[in-house]
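All residue numbers in this chain count up from 1 along the given sequence. Small disclaimer: the values here were computed from a predicted structure and weren't measured.
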Amino acid sequence: MKIRLLVFINILFCFCASAQTVADKIIAKVDNHIILKSDLEMAYMSYLSSGQKVEDNLRCQILQRLVFEKMLLARAEVDSVSVDEEQVTSQLSRRMD
């Protein structure tokens, strides 16, 4: 009886481990940044709760905005200038003098 129970639990465990559950989906990728379906849905629900007028293609507009934000973020990373603390200190001292 114990062996049957152990075999049943083992089979059940293997079945559950092999079943794949999708937690979220990637709906867009901009450079190294992703937009998840949950991000879109959260922005959509936030817009609905604000009480503003809802248009037919609202999800599309929200997705466009999210993609644009990720594009700006990716471009900002490319355009970033790194400055060490010594340079900042020397420039500050020079300007204060």
Side-chain angles (χ1 to χ4, degrees):
M1 181 67 174
K2 289 182 183 181
I3 294 176
R4 287 184 187 172
L5 182 60
L6 289 174
V7 170
F8 177 73
I9 291 173
N10 190 21
I11 292 171
L12 183 61
F13 178 74
C14 290
F15 178 74
C16 291
S18 67
Q20 296 179 358
T21 303
V22 177
D24 212 347
K25 291 184 179 182
I26 297 173
I27 57 174
K29 183 175 184 235
V30 178
D31 199 22
N32 293 328
H33 305 281
I34 60 171
I35 300 171
L36 300 172
K37 185 174 182 182
S38 62
D39 297 334
L40 176 64
E41 292 302 318
M42 283 178 27
Y44 180 75
M45 296 305 286
S46 176
Y47 188 88
L48 291 178
S49 67
S50 69
Q52 298 180 27
K53 181 182 175 185
V54 177
E55 298 179 20
D56 293 337
N57 58 351
L58 179 61
R59 277 194 174 92
C60 184
Q61 291 174 355
I62 293 172
L63 180 58
Q64 286 177 338
R65 183 183 52 113
L66 291 172
V67 168
F68 184 72
E69 289 173 1
K70 296 296 182 181
M71 288 172 58
L72 289 176
L73 182 61
R75 186 62 189 179
E77 288 175 350
V78 170
D79 291 343
S80 293
V81 177
S82 60
V83 180
D84 62 354
E85 189 174 339
E86 184 179 311
Q87 288 177 313
V88 172
T89 306
S90 67
Q91 286 292 328
L92 181 62
S93 297
R94 185 180 66 78
R95 290 182 184 196
M96 294 300 283
D97 291 340

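Checked against side-chain hydrogen bond (donor to acceptor under 3.5 Å, both in side chains), D84 has no partners two or more places apart in sequence or in another chain. Considering only residues two or more places apart in sequence or on other chains, R94 meets the side-chain hydrogen bond (donor to acceptor under 3.5 Å, both in side chains) condition with Q91.
Under the side-chain hydrogen bond (donor to acceptor under 3.5 Å, both in side chains) criterion, the residue pairs touching residues 27-36 are H33-E77, with sequence neighbours excluded. Counting only residues at least two apart or on different chains, the salt bridge (charged side-chain N to carboxylate O under 4.0 Å, His left out) pairs with a member in residues 44-64 are E41-R59.
In this structure, L63 shares a hydrophobic cluster with I27, V30, I35, L40, Y44, M45, Y47, L48, V54, L58, I62, L66, V67, M71, the cluster being traced through Ile, Leu, Val, Met, Phe, Trp and Tyr side chains under 4.5 angstrom apart. Hydrophobic cluster of I26: the remaining members, joined at side-chain heavy-atom separations below 4.5 Å, are I34, L36, listed by chain and number.
For the atom pair R95 CZ and S90 OG, the distance stands at 10.0 Å (nearest 0.5 Å).
Within a 6.0 Å sphere centred on CD of Q52, other residues, nucleotides and ligands contribute more than 12 heavy atoms. Within a 6.0 Å sphere centred on CD of E86, other residues, nucleotides and ligands contribute 12 heavy atoms or fewer.
Looking only at distances, no side-chain donor or acceptor of S46 sits under 3.5 Å from a matching main-chain atom of M42.
The closest side-chain heavy-atom distance from R75 to V78 is below 4.5 Å.
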